[in-house]
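Proteins get letters first, then strands, A, B, ... in listed order; numbering begins at 1 in each.
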There are 2 protein chains.
Amino acid sequence: MSSRELGASLGLTDAQIRKDLALFGSLGQSGRGYQIVDVLKRLRQMMGRDQVWPIVVVGIGNIGRAITSYGPFKREGFDIVGVFDIDSKVVGTKSAGRTVRAMSDLRATIVEHDVRLGVMTVPKESAQGVADELIAAGIVGILNFAPKRVSAPRGVSIVSVDFTVSLEQLAFQVWWTGHTENGVDGGAFES
Amino acid sequence: MSSRELGASLGLTDAQIRKDLALFGSLGQSGRGYQIVDVLKRLRQMMGRDQVWPIVVVGIGNIGRAITSYGPFKREGFDIVGVFDIDSKVVGTKSAGRTVRAMSDLRATIVEHDVRLGVMTVPKESAQGVADELIAAGIVGILNFAPKRVSAPRGVSIVSVDFTVSLEQLAFQVWWTGHTENGVDGGAFES
DNA sequence: CCATGTGAATGGATTCACAGCT
DNA sequence: AGCTGTGAATCCATTCACATGG
């Protein structure tokens, strides 16, 4: 596939594609374009995406259940090795086939599976406390769904998902489109 | 508050803050800084965020329920005026105090409340179909939670939330941090 | 001939630095 | 003095354009 084709399907110019890919070495063949399967493999290797990441999910409310039953994670190399909740009424029940365990089991699971990533779907009141527990147990990356900033020591990454921000982004695009008759350039991920 | 303080708390330079705010007019006072409450009010007005957006939610599974019970939407000016599902077993039940309605009621609700935004939390198989229904009923912005690209005609905005992307972002940050001993600059939304 | 990889040119955004206001 | 708003300088990403390789 040529950089032109690749770019067209991603909404980028051919030069952009070449410049970016060239950063990772000479992945194409002059006159022939890119062997995309090989390129993907190379990129995945070089960006640490050729491994399976074990993850834990803490907080089995609506979002927690949605996460545990979310198929695409597996295919993208994420393996849920434990789901946890504080609430003793929830502990012992099943979520997407997995038994919910008590927080007291957290550390053992993390150590056993060498887990580095945790998904946190808890109420905002518990967010910082649970984050601290995760970090104390050895987690170095947290995907946070609570609408609350969580602080963590250097060396621990936090990525937050805030539905409100996404909805605001959408409202702005709609407003702007109606306001100017010009669409918003959503970039590569517009749809 | 001065541009320096504002910048520090957002991870930006003072010059950046001043340049950006100046785009919207002279919102600060020389020698005194910015009156943030006023500035926020001005910005909200100028960016169409001083109105309440009625929204509908389609698909009352785990994510749909999470959305309907998500408090911050209300505070940020989004008002859920209807929740819908295809499944007749779900129709008539309650989600966060709201009765789930049949898809046949969708258009009437949208017209009645002049709804322009829809949140779509349906399986990926139904995503395009439901999107088409929403658009046909007059929706011009869709927040899509299905792990599937949805196409829409010009003039309709789509914002997709893909948990996998967020988790990949996190995994990359963690990997990069461990790989280089340098943290990743997460920008303004790092935590 | 076709398409990459890459220096050079371009353009837009960030930073500098300071006149002017409080 | 403290701080804004803004031209000028600087930086950096994108685009251009072409020498080189298949």
Side-chain angles (χ1 to χ4, degrees), chain A residues 1-47 49 159 165 168-169 172-173 175-177 179-191, chain B residues 1-49 165 168-169 172-173 175-177 179-191:
Chain A
M1 199 182 232
S2 71
S3 56
R4 179 180 298 272
E5 294 173 279
L6 218 34
S9 63
L10 267 76
L12 301 167
T13 65
D14 53 336
Q16 185 70 70
I17 298 288
R18 290 201 299 280
K19 262 282 192 314
D20 285 0
L21 289 180
L23 275 179
F24 296 93
S26 294
L27 293 85
Q29 302 154 258
S30 311
R32 297 183 172 275
Y34 298 88
Q35 197 73 25
I36 44 177
V37 176
D38 294 351
V39 169
L40 277 175
K41 202 178 294 177
R42 280 287 295 282
L43 287 181
R44 269 198 266 261
Q45 269 176 21
M46 285 193 280
M47 297 181 40
R49 289 305 325 279
V159 168
V165 172
E168 281 175 328
Q169 183 188 339
F172 178 76
Q173 284 187 22
W175 174 81
W176 185 256
T177 304
H179 203 69
T180 63
E181 306 306 324
N182 287 316
V184 174
D185 179 4
F189 297 101
E190 59 173 315
S191 63
Chain B
M1 199 183 231
S2 70
S3 56
R4 179 180 298 273
E5 294 174 278
L6 217 35
S9 63
L10 268 76
L12 300 168
T13 65
D14 53 336
Q16 185 70 71
I17 297 290
R18 291 200 298 280
K19 262 283 192 312
D20 285 0
L21 289 180
L23 274 179
F24 295 93
S26 293
L27 293 88
Q29 303 155 260
S30 309
R32 295 182 173 275
Y34 298 88
Q35 197 73 26
I36 44 176
V37 176
D38 293 350
V39 170
L40 277 175
K41 202 178 293 176
R42 280 288 293 284
L43 288 181
R44 268 198 268 261
Q45 270 177 20
M46 283 192 281
M47 298 180 41
R49 290 303 325 279
V165 173
E168 280 174 328
Q169 184 188 341
F172 178 76
Q173 284 188 23
W175 173 81
W176 184 258
T177 305
H179 202 69
T180 62
E181 307 305 326
N182 288 316
V184 174
D185 180 5
F189 296 102
E190 59 173 317
S191 63

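The distance from atom CG of Leu21(B) to atom P of dT4(D) is 9 Å, rounded to the nearest whole Å. Atom CZ in Arg32(A) sits about 6 Å away from atom C1' in dG22(D), given to the nearest Å. We find that CZ of Arg4(B) is positioned 9 Å from P of dT4(D), with the value rounded to whole Å. The nearest whole Å value for the distance from the CG atom in Leu27(A) to the C1' atom in dA3(C) is 15 Å. Remark: C1' of dG5(C) and CG of Leu23(A) are 11 Å apart, rounded to the nearest angstrom. We find that CG of Leu12(B) is positioned 14 Å from P of dC16(C), with the value rounded to whole Å. Distance, Asp14(B) CG to dT15(C) C1': 9 Å, rounded to whole Å. One atom, CD of Gln29(A), and another, C1' of dT20(D), lie 15 Å apart when rounded to the nearest Å.
Distance alone, capped at 3.5 Å, places no donor-acceptor pair between the Gln16(A) side chain and the Thr13(A) backbone.
The OG1 atom of Thr177(A) sits 11.5 Å away from the NE2 atom of His179(A) when rounded to the nearest 0.5 Å. Distance check, rounded to the nearest 0.5 Å: CG of Asp20(A) to OG of Ser3(A) gives 11.0 Å.
The neighbour count for Arg42(B) CZ, taken as heavy atoms of other residues, nucleotides or ligands under 6.0 Å away, does not exceed 12.
Contact between Leu6(B) and Tyr34(B) at its shortest, heavy atoms only, is CD2-CD1, 4.4 Å. The two residues Gln173(B) and Val159(A) come nearest to each other via the heavy atoms NE2-CG2, 3.9 Å.
Using a 4.5 Å heavy-atom threshold, the side chains of Trp175(A) and Arg49(B) count as separate. Proximity of Asp38(A) to Leu27(A): side-chain heavy atoms (C-beta onward) are nowhere separated by under 4.5 Å.
Listed by chain and number, the residues in a side chain to side chain contact (heavy atoms under 4.5 Å, CB included) with Arg32(B) are Gln29(B) (sequence neighbours excluded).
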Short N/O separations, protein against nucleotides 17-21 of chain C, under 3.5 angstrom:
{"unit_1": "dA17(C)", "atom_1": "N6", "unit_2": "Arg18(B)", "atom_2": "NH2", "d": "3.1"}

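Using a 4.0 Å heavy-atom cutoff across all strands shown, Ile17(B) reaches no nucleic acid atom at all.
Checking the phosphate oxygens (OP1, OP2) of dG2(D), no side-chain nitrogen or oxygen of Tyr34(B) falls inside 4.0 Å.
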- Which parts of nucleotides 9-14 of chain D does protein reach within less than 4.0 Å, heavy atoms only, written one letter per nucleotide 5' to 3' as B for base, S for sugar-phosphate only and - for none? -----S
